[in-house]
Amino acid sequence: MLEKSFDPASAEPRLYEAWEKSGAFQPSGKGAPFTIVIPPPNVTGSLHMGHALNNTLQDVLCRFERMRGRSVLWQPGTDHAGIATQMVVERQLALQQQKRTDFTRADFVAKVWEWKAQSGGTITAQLKRLGASCDWSRERFTMDEGLSAAVRKVFVDLYRDGLIYRDKRLVNWDPKLLTAISDLEVENTEVAGHFWHFKYPLENGETYQFPIAHDDEGNPTEWETRDYISIATTRPETMLGDGAVAVHPSDKRYAPIVGKKCLLPLADRYIPIITDDYPDPDFGSGAVKITGAHDFNDYKVAMRNGIPLYVLMDERARMLHDDNVPEKYRGLDRYEARKQVVADIDARGLLIKVEDKKIMQPFGDRSGVVIEPMLTDQWYVDAEELGKRAIDAVEQGQTRFIPENWTKTYFQWMRNIEPWCVSRQLWWGHQIPAWYGPDGHVYVAETEEEATRQAVLRLTTEGYSLEDINAMRRGEGEGPLLVRDEDVLDTWFSSALWPFSTLGWPDETAELGARYPTNVLVTGHDIIFFWVARMMMMGCRFMDDVPFKDVYIHALVLDEKGQKMSKSKGNVIDPLTLIDKYGADALRFTLAAMAAQGRNIRLSEARVEGYRNFGTKLWNAARFCEMNGCAFDPAFDPATATETLNQWIVHEAGRAAAETTAALEGYRFNDAAGAMYKFVWNVFCDWHLELAKPILLGPDSPAKAETQKATAWVLSQALKLLHPFMPFVTEELWAGTAARAGHLIAAEWPQAPAFPSNDMAAGEINWLIGLITAIRSARAEMNVPAGAKIPMIAVGADPAVSLRIDLYRDLVARLARLDPISIAPAAPKGAVQIVHEGGVYALPLAGIIDIAAEKARLGKEIDKCVKEIETIDKKMSNAQFVERAPIEIVEENRERKIAFSERREKLAAALAQISEA
RNA sequence: GGGCGCGUAGCUCAGCGGUAGAGCACUACGUUCACACCGUAGGGGUCGCAGGUUCGAACCCUGCCGCGCCCACCA
């Protein structure tokens, strides 16, 4: 016996455990492989709405394909999330008044592992609550031994081929986290700032004529004598590191002083005035100060022109104690230094003006502090070279993006790609497999032994004696033989290998052979660059093939007002709260139903509630079946059904199945969910069960037996079709409605041939539904009390209609609340008349009928017909339309016109009659 | 500056060349034995604006007006 209602809280854990125990999450071994690798959530993470959507969609696909007989592997795992995880642990240390540097690196890393062991399972536990059918026996972690080995191998291999190299150049430096970060980890935000205009005096009191007024043709008409060059900056403190002032070569205003020198105030150095294409003569003064060591643009100009770089700041963005920095600024924070510089410039009478200005400022996406361009040694991946094949693969369609427009985003980035800075000055992560020898040479190898071997070999040829070398190895030399690079790799480096490293690479495992390329990657567009592009590069390079055939890019989940959810805004909707309140099925169905391609999801709780109600509806339908002896009979063959009603519902179920299947094949999750929603609620519950009631509640008969079986059969098909979306409630009903051998999760997906279509039956039942609806509508408009039974007369029914009336008399009577139903040649006086599919049906309400209301109703109906007819006439009278439109369309219009005309005539007759009465 | 996307019923959104749709909200009615997390019926839209293509446009094209996102070095 089914309970009165479904209780997700108790059923979900129980069902999940049963699935896992049954081995359903593991690939079956039969059927073609279907593989998805999960976008590994951060170990530090907890489930947010984005995860909920992402994993719901993956689970829908996995369950769908599993039921279709594929050997499904959904590969789970988590990401070590370098910066994020290190920050979490450091925050915990801070609570105990400790900091990372109180520990040795090894001890700190051990602490992180400890933390991971304790709390790292949070997100996977939460994924289970969602119902994710991952193969947990294969769970991986980006820093586990196998994946770390893959990382080392990839690094060494790329290094050997010159695709990874060490270089000193300007990087994005995070002065809070004290590490370099990649371009992608920088968020440029517009903030209110200032634009300071300074005078740099010319050397030796030199002067020149500077135009200050122009005629209509742009020729100067007025000049002033200047002994300085005017520059403007948003970052005054960097002026201390200027190496030159640049003007555009075509800028005539400055032509007289190009090649001369000006004084760099405060630093009291002389710097050259040079030309370069970079300055825009129409912006600011047209002259740009060049601070090569602290600005990306200036760096390029400095490189091109051989201008020296003056490094001003330390790793915390404080002014250096260094010759480059005048004494009074040393040790100041960059913003303190800024104030001081402006004040000092002003004091010297060199401040021309200060403007308010919106400026784009770079912030670290994790630290939130302003990023400082810094000249440091870092490791870089040659993304341009690796990107070539990744671009080709998408151009040639080996990987396709869905929706397709994301290919454009992908190409745009890939075609303008910059070297990828992969080293991070952190402790938590994959330490770079590079060692430095006493000669400063770098040895890159998968193991220290190998690096040592290389070092020994090289040093011997360089003239080091074996004795010295061995002394260094023993630690008895002047220093150690090798010192390992301290840096770790960008988290995305290991993530980039995920599709093959989790399948066993570099070992040639069976999975790797069978499952790479994986079928589809499901992810959000926010990590196309971070992750998708990098997987494409690494996959093409190391597997010689793309990592996935399809990339399904899903929406972002926003709040109901369309705002990004964020803790600071306080508009975060917690998926677990919704699961607690409405069940995982309701949340899943909501997300799937709203996952239309190319659109963001504005989640509202009302919607979740609505789909919870849908689950309840399904549950109650199943209870109804149970109470009425609709027992599932495995021997039942829908093709043998002889009852029209049963033929019809099988036909309709088949349509729903086909629609759902096609939608899922095309990643149209919303259409798939919508098709099932409509079928279950508006077809199966609203009509099939209602129409079946008289038979089911009536005496035993072959028709009743067939209806019971057909109804149970259709319900079980619906459970299958809904299972990918609502796995819990459907699984519970699967077990609760019949004794079955296996779990629903392992059942076979309904195939089209199982649903014989039957247009005759469809036509008949749809006629019946239309008639009942029309009568109900008329009753309501005539204010007939809902409970009142009234007579109906089928007027002048032709033999076919008479037959149907006889056949469905009881049903119509029951569902439209009629008694009796008769057939007569003419309508009685004062009756409400309904026109439906060419037939006229009269409700004799003499006495109770509101004649005015009925006239109004008929008038409205007639108006509708007239309007339709007019529209059609307009089309048909257009010779061009008849000539050029497809015949089917013309024919369709002709038929519609006939139908509307007939309807109008019958309504008009009814109106005439009621007017007489 | 470049790119992507969105403006359709009060709200959230489907539809994307041939009869304007759903959910929620709203109104009226309902003690019909699965379900009030329900049932029945209903109201509500010049599909942002203006042109164009077409026999026909919410849908295709162009421009404009709003809104959002991503990328980018204007000091």
Side-chain angles (χ1 to χ4, degrees), chain A residues 2 4-5 183-184 188 195 231-235 238 246 278-280 282-291 295-301 359-360 403 405-406 408-409 411-413 416 525-526 528-529 556 558 560-564 582 586 590 593-594 596 598-604 606-607 609-628 670-671 674 677-678 682 685-686 689-690 693 697 773 776-781 783-787 814-817 868 871-872 874-875 878-886 888-890 892-893 896 900:
Chain A
L2 291 172
K4 187 116 200 317
S5 65
D183 299 344
L184 289 175
N188 291 304
F195 204 33
I231 60 94
T233 180
T234 55
R235 300 203 51 196
T238 65
Y278 166 60
D280 173 0
D282 297 327
F283 184 80
S285 69
V288 185
K289 67 194 251 323
I290 302 300
T291 320
D295 183 283
F296 286 100
N297 292 313
D298 294 4
Y299 180 76
K300 287 184 198 156
V301 178
I359 52 172
M360 278 302 220
N405 59 290
W406 291 109
K408 247 187 163 159
T409 306
F411 282 140
Q412 193 190 317
W413 190 69
N416 297 294
H525 65 75
D526 49 336
I528 291 178
F529 306 147
L556 252 38
L558 310 172
E560 57 228 296
K561 288 178 214 138
Q563 303 258 337
K564 247 186 191 173
Y582 302 105
T590 306
M594 295 184 81
R599 224 204 240 255
N600 287 333
I601 294 179
R602 295 193 191 186
L603 192 71
S604 74
R607 204 72 190 256
E609 192 184 346
Y611 289 122
R612 186 272 319 267
N613 296 351
F614 174 61
T616 306
K617 185 76 182 177
L618 178 71
W619 184 266
N620 282 309
R623 282 180 65 222
F624 173 82
C625 290
E626 183 182 57
M627 290 173 201
N628 288 281
N670 58 322
D671 289 338
Y677 183 93
K678 270 187 199 137
N682 302 121
C685 291
D686 287 353
L689 293 185
E690 293 305 323
K693 273 179 185 172
L697 298 170
T773 307
R776 283 172 172 172
S777 183
R779 284 178 60 120
E781 277 188 71
N783 293 316
V784 177
R814 177 193 169 91
L815 294 179
R817 306 239 99 205
E868 290 290 346
T871 314
I872 296 167
K874 217 171 115 191
K875 276 190 192 174
N878 180 343
Q880 301 268 45
F881 171 72
V882 182
E883 200 180 300
R884 299 197 191 180
E888 313 89 74
I889 299 295
V890 178
E892 195 185 303
N893 274 278
R896 288 189 62 218
F900 277 116

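Just so it is clear: chains get the letters A, B, ... in the order the sequence lines come, proteins before strands, and each one is counted from 1.
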**Q** With rounding to the closest Å, how many angstrom separate the P atoms on B/A20 and B/A34?
**A** 39 Å
**Q** Using the C1' atom as the reference point in each nucleotide, state the distance between B/U19 and B/C47 in Å, no decimals.
**A** 16 Å
**Q** Taking the C1' atom of each, how far is B/C13 from B/G5, in whole Å?
**A** 15 Å
**Q** By the 4.0 Å heavy-atom rule, please label A/Met594 as base, sugar-phosphate, or nothing.
**A**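 A/Met594: backbone/sugar contact only, no base atoms under 4.0 Å.
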**Q** OP1 or OP2 of B/C4 versus the side-chain N and O atoms of A/Lys408: is any pair under 4.0 Å?
**A** yes
**Q** So, are A/Arg623 and A/Glu626 salt-bridged, with charged N and O less than 4.0 Å apart?
**A**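 Between A/Glu626 and A/Arg623 there is no salt bridge, as every charged N stays at least 4.0 Å from the carboxylate O atoms.
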**Q** For A/Met594 and A/Leu603, which heavy atoms make the closest approach, and how far apart are they?
**A** SD-CD1, 4.5 Å
**Q** Nearest to the side chain of A/Asn188, which nucleotide is it out of B/A72, B/C4, B/A75?
**A** B/A72
**Q** If every non-hydrogen atom of A/Thr233 is compared with every non-hydrogen atom of A/Lys289, which pair is closest and at what distance?
**A**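 Distance-wise, the nearest heavy atoms are CB-CD, 3.8 Å.
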**Q** Among the candidates B/C37, B/C35, B/U40, find the nucleotide nearest to the side-chain atoms of A/Asn613.
**A** B/C37
**Q** Please find the pair of heavy atoms, one from A/Lys4 and one from A/Asn620, that lie closest to each other, and give the distance.
**A** O-OD1, 4.0 Å
**Q** Can you name the nearest heavy-atom pair linking A/Ile872 to A/Asn893, along with the distance?
**A** CG2-O, 3.5 Å
**Q** Under 4.0 Å between any heavy atoms, over every strand shown, what does A/Asp280 touch: base, sugar-phosphate, or nothing? Just pick one.
**A** base
**Q** If we take the C1' atom in both B/C69 and B/U62, what is their distance in whole Å?
**A** 24 Å
**Q** Which part of the nucleic acid, if any, lies within reach of A/Tyr278 when heavy atoms closer than 4.0 Å are counted: base, sugar-phosphate only, or nothing?
**A** base
**Q** When the P atoms of B/C59 and B/G7 are compared, how many Å lie between them, rounded to an integer?
**A** 12 Å
**Q** In whole Å, what separates the C1' atom of B/G44 from that of B/U27?
**A** 11 Å
**Q** Kindly point out which of B/U32, B/A34, B/G30 is positioned nearest to the side chain of A/Glu690?
**A**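 Among B/U32, B/A34, B/G30, the one nearest the side chain of A/Glu690 is B/A34.
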**Q** So what does A/Thr773 hit on the nucleic acid, given a heavy-atom distance under 4.0 Å: a base, only sugar-phosphate, or nothing?
**A**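 Here A/Thr773 touches the backbone only, sparing every base.
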**Q** Closest to the A/Asn405 side chain: B/U40, B/G18, B/C4?
**A** B/C4
**Q** As a test of reading the structure: which of B/U40, B/G18, B/U19 is closest to the side chain of A/Glu868, going by heavy atoms?
**A** B/U19
**Q** Quick check: A/Tyr278 with A/Phe283 (ring centres under 6.0 Å apart)?
**A**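 No, too far apart.
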**Q** By nearest nucleotide on RNA chain B, pick out whichever of A/Arg896 and A/Asn620 is the more 5' one.
**A** A/Arg896
**Q** Just checking A/Phe296: base, sugar-phosphate only, or nothing, at a heavy-atom cut-off of under 4.0 Å?
**A** nothing
**Q** Write down the distance separating the P atoms in B/A28 and B/A9, rounded off to the nearest Å.
**A**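 Result for the P pair: 24 Å, nearest Å.
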**Q** Could you tell me whether A/Cys685 contacts a base, only the sugar-phosphate backbone, or nothing, with contacts defined as non-hydrogen atoms closer than 4.0 Å?
**A** base
**Q** Counting heavy atoms from C-beta on, name the nucleotide in B/U19, B/C74, B/G23 closest to the side chain of A/Tyr677.
**A**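 For the A/Tyr677 side chain, the nearest candidate turns out to be B/G23.
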**Q** Would you tell me if any nitrogen or oxygen in the side chain of A/Lys874 comes within less than 4.0 Å of OP1 or OP2 on B/G56?
**A** no
**Q** Using OP1 and OP2 only, check whether a side-chain N or O of A/Lys693 sits under 4.0 Å from B/U32.
**A**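 So the side-chain polar atoms of A/Lys693 never come under 4.0 Å of the phosphate oxygens OP1 or OP2 of B/U32.
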**Q** State, to 0.1 Å, how close A/Asn682 and A/Asp686 come at their nearest heavy-atom pair, and which atoms those are.
**A** ND2-OD2, 3.3 Å
**Q** If you look at every strand shown and take non-hydrogen atoms under 4.0 Å, does A/Pro279 touch a base, only sugar-phosphate, or nothing?
**A**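 Base: the residue A/Pro279, judged by heavy atoms under 4.0 Å, touches a nucleobase.
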**Q** Which part of the nucleic acid, if any, lies within reach of A/Arg612 when heavy atoms closer than 4.0 Å are counted: base, sugar-phosphate only, or nothing?
**A**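 Here A/Arg612 touches the bases of the nucleic acid.
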**Q** Please name the pair of heavy atoms, one in A/Asn670 and one in A/Ala593, separated by the smallest distance, quoted to 0.1 Å.
**A**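 It is CB-O, 3.1 Å.
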**Q** Would you tell me if any nitrogen or oxygen in the side chain of A/Ser777 comes within less than 4.0 Å of OP1 or OP2 on B/U40?
**A** no
**Q** So what does A/Arg607 touch, heavy atoms closer than 4.0 Å: a base, only the sugar-phosphate, or nothing?
**A**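 Here A/Arg607 touches the bases of the nucleic acid.
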**Q** Among B/U40, B/A34, B/G18, find the nucleotide with the atom closest to the side chain of A/Ala621.
**A**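 Closest of the options to the side chain of A/Ala621: B/A34.
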**Q** Toward the 5' end of RNA chain B, which comes first, A/Ser285 or A/Glu892, by nearest nucleotide?
**A**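 That would be A/Glu892.
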**Q** Between B/C26 and B/G18, how far is it from one C1' atom to the other, in whole Å?
**A**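 One C1' to the other, the span is 33 Å.
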**Q** Could you spell out the base pairing of RNA chain B in dot-bracket, with Watson-Crick or G-U pairs whose two distances are under 3.5 Å, [ ] crossing and | to another strand?
**A** ((((((((.[[[[.)..(..]]]].(((((.......))))).....[[[[[..)....]]]]])))))))....
**Q** Using OP1 and OP2 only, check whether a side-chain N or O of A/Asn416 sits under 4.0 Å from B/A72.
**A** no
